[in-house]
Amino acid sequence: MDSTKRPDYPTNIEAMRSKLEMYPLRPGYGLWRLLDRFRPLFFGALVLQGISVFSETAGFLILRAFIDNVLLKQDWNAPFYLYALGFVGLAVLRSGLSFASSRWGAQTSEGIAKTIRDAVFDHTQRLSFAYHDRTQTGELIQKSTSDIDAVRRFYGDQVMGILRILFFFLVNFVTLLLINVPLAFISIAVVPLITVLSTVFFKRIYRSYENYQDQDAKLSAVLQENLSGVRVVKAFARQEFEIQKFDEQNAKKFDLGLTLLLNHSVYWPISHFICGMQMLLGTAVGAFWTMDGLISPGTFIAYLGIASSLIWPLQQLGRLITQLSTSFVSYGRIAEILVSEQEQLAGTEQAPVLKLSGRLSFRSVSFAYDTGGPVLKDVGFEVGAGQKVALLGETGSGKTTLVNLLPRFYDYTGGSILLDGHPLEQYPRAFLRKNIGIVEQEPFLFSMSIADNIAYSVDHAVSRDEIEAAARKASIHDSIMGFPLGYDTLVGERGVTLSGGQKQRITIARTLLKDPRILILDDSTSSVDAETEAEIRQALRALMVGRTSFVIAHRIESLMDADLILVFKEGRIIQSGTHDTLSLMEGFYRQVFELQTRLEDELVKETLHV
Ligand code: ADP
C-alpha cells in the first residue's frame, strides 16, 4: 500500500512497549492491554460479526416458517417473493457485514503487529552489548518476525474467531430455547467434555509450541550464521560440516514440529467424534419427536440447521483455544526482548566537557564480562591529547576489551578512566560515540550508495564536496571515480563488489567525515596485499593527524611511531614505553620486534633471489 494511503493507525510505541514490559509474564492480560487504542475498531468488528451471526440464524427461522406454513400446507398463494426477499436480503446483509468486520479486524491485527514490530525494532537498536553477546542474531530475527506474526494471528484469527463462535453459540442456543427447551439442552450436552478436552490440549500445545519455537530460533541462528560467514565456509570448504550442522538442528525441529502437529491432530478426531455423537443424539431425538408429532417438521429442519451451527463451531472453538497457547508463547518471547536491559544512550545530564581535547587517564582499571572472570586487571597509563597509543599482545590478552570501554560499549568494573579530567561515566554514551571514531577490522558497508555509506557517520546533511574531500584524504576517491556511477554506485548485493582494501578505505573516509577527537583502529592491514596496505596506511595516517588514537597493532611497522606502546598479557600491562625504549629492553616487545624484522629480511632476500 502506498504510504500516503496507509490508514493512520493509532500507534504509540512507548505506550506499547511499556505495556509489554509491564505484563511480560501475564500474556492474557498483556494482550488485552495491547489492544489499547484499537479497541473501538476491534469491538466494532466484533459487533458486526455478531449481527452477521444473527442474520444467519434468522435464515433458519424463515426456513422453518416456510416449511410449516407453505410447504406442508401446499399453500400456492403464499407470498413467495417475501420469503425470497428475506433469504436474499439476509445473504446480502451477511456478506456486507462480514466484509466490514474482516476489514476492521485486519486493521486491528495488522496495526497491533506493526506497532509491536516497531517497538521491538526500536528496542533492538538500544539493546546493550551484553545482551547481544548472549543472544544470537537468528533468534532476534525469529522473534521479530514469526513470533510477532503469531501475536497478529491472536487478534486477527483467534480472538475474533472465539468471540464469533461464542456469539454463535449464544444466539443459536437462545433460538433453540425459543423453539424447544428440551432439544436446546440436549444440544449442549458436549460442552463440558469439549471444555475439558480443550484445556488439556491447551497445556500440551503450549509446551510443545514453546519447544518448537525455541528450536526454530536455533535453526534460524544456524542459518543466519552460515549465510553471514559464507566466505569462511567456502574458503575452508566446510560445506559438508555446515550441512550436517544444519541437518541436526533441522531434524530436531522436525521432531518437535511432529509432536506439535500430533497434539493438534489428536485433538481434532477426538473432538470430531464427540461432536458427531452429539449431532447423532440430537437428530435421533428430534426425529422421534417429529414422528410422534411433538414438534413440527419445520422445527425439526430448523433445529438441524441451528444445532449444526452450534456444535461444529464448538469444535472450532476448542481448536482456537488450543491455538491461543501458541500466541501466548510468542507473546512471552517478544516480551523477553522488551524487558531486557537497554543502553542509556543520551542520559539526562550533559557531558562535563563539550569540546573534548582527548586527554585520557586510566587508573588501575579492571573489567569483567558478565559471563566470566576478570579480563582487565590493574590497567594504568596516561595519554596526552592527540597522542597515539599502540596496543600489542597475544590474542585474548584484552586489547579489544580495553578499547571497547572508551565508547562505553561496556562499563569498567573497577578503577577509573578520566577523559579530559572527568570520569568517563559522566559522559552520556551518545556523546562519547559521536566523539570517538572506530575503524573495525572487518569493514561493514550498508546496501546503499558509496556516498551514503560515507555520510552514514553523521546525522546531518553533508554536501557532495565534503564527502569527496573525505574520500580523497582516505585515498579512495580515484577508485570511486573508476566505478560507472561514481559516488552513486550501489554497494552490496545489488551493486559493485568492493575489495577488502576498498571497503576499508571507505570506512576510513566515513570516520574522517565524522571528525572524531578520539580514534580506535584495529590495524587490519594484514589481510591485504602490499600495495593496498601502503594505501590504507596512508589513509590511516591522514585520519590520525591531531586525534588521540588507539591502535590495536599486529605489525611493528604500525607501532613504531606511537607515543606510547602498551604490551598486554592476560589482561595486564607488562611493558610500556616508546619503540626506542622498549626495543632496548629485554622482553616481549623486543622478541616480537626481532622476530618480525628477521622474517621481513628473509622475505626481502627470498624475493630478491627469485
Ligand atoms: P584481544 O583483543 O587482545 O584479542 P579480547 O579483549 O578480545 O582480546 O579478549 C580478552 C578476553 O575476554 C578473552 O579471554 C575473551 O575470551 C574474553 N571476551 C572477549 N569478548 C567477550 C565477550 N563479549 N563476552 C565475554 N568474554 C569476552
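Numbering of ligands and ligand atoms starts at 1, following listing order. Since this is a predicted model, take the numbers as computed values, not measurements. Computed from heavy atoms alone, side chains included, the values below leave out hydrogens, waters and symmetry copies.
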* For ligand 1, note which part of Val375 has a heavy atom under 4.0 Å away: side chain, backbone, both or neither. => side chain
* **Element-labelled atoms of ligand 1 that are located less than 4.0 Å from some non-hydrogen atom of Thr395** => 4 (O)
* Does ligand 1 have any atom that is closer than 4.0 Å to a heavy atom of Gly393? -> no
* By number and element, which atoms of ligand 1 are closer than 4.0 Å to a non-hydrogen atom of Thr371? -> 25 (C)
* Asked: Phe367 and Tyr412: aromatic ring centres closer than 6.0 Å?
  -> no
* Asked: Less than 6.0 Å separating the ring centroids of Tyr206 and Phe328?
  -> no
* Arg590 to Phe593, cation-pi by 6.0 Å centre distance and 45° axis angle -> no
* **Part of Thr401 with heavy atoms under 4.0 Å of ligand 1, whether side chain, backbone, both or neither** => both
* Taking NZ, NE, NH1 and NH2 as the nitrogens, is one of them in Asp147 or Arg333 under 4.0 Å from a carboxylate oxygen of the other? -> yes
* Asked: What protein heavy atom sits nearest atom 17 (C) of ligand 1, and how far off is it?
  -> Tyr369 CE1, 4.0 Å
* Could you tell me which residues satisfy side chain to side chain donor-acceptor pair (under 3.5 Å) with Glu248, sequence neighbours excluded, listed by chain and number? => none
* Asked: Any idea which protein heavy atom is nearest atom 23 (N) of ligand 1, and the distance to it?
  -> Asp133 OD2, 2.9 Å
* To do: Specify whether Phe362 and Phe550 have parallel, tilted or perpendicular ring planes, treating 30° as the upper limit for parallel and 60° as the lower limit for perpendicular.
  => tilted
* Asked: Going by the order shown, which atoms of ligand 1 are within less than 4.0 Å of some heavy atom of Glu394?
  -> 3 (O)
* Look at atom 4 (O) of ligand 1 and say which protein heavy atom is nearest, naming residue and atom and giving the distance to 0.1 Å. => Gly396 N, 2.7 Å
* Do the ring planes of Tyr487 and His477 sit parallel (below 30°), tilted (30 to 60°) or perpendicular (above 60°)? -> tilted
* Among protein heavy atoms, which lies nearest atom 2 (O) of ligand 1, and at what distance? -> Thr400 OG1, 2.3 Å
* Location of contacts on Tyr410 toward ligand 1, heavy atoms closer than 4.0 Å -> side chain
* Asked: Around Lys514, counting heavy atoms of other residues, nucleotides and ligands shown, do more than 12 lie under 6.0 Å from its NZ?
  -> yes
* Using the ring of each side chain (for Trp, its six-membered ring), is Tyr427 parallel, tilted or perpendicular to Phe431, with breaks at 30° and 60°? -> parallel
* Atom indices of ligand 1 within 4.0 angstrom of Ser397 heavy atoms, with elements -> 1 (P), 3 (O), 8 (O)
* To do: Give a yes or no on whether atom 15 (C) of ligand 1 lies under 4.0 Å from any heavy atom of the protein.
  => no
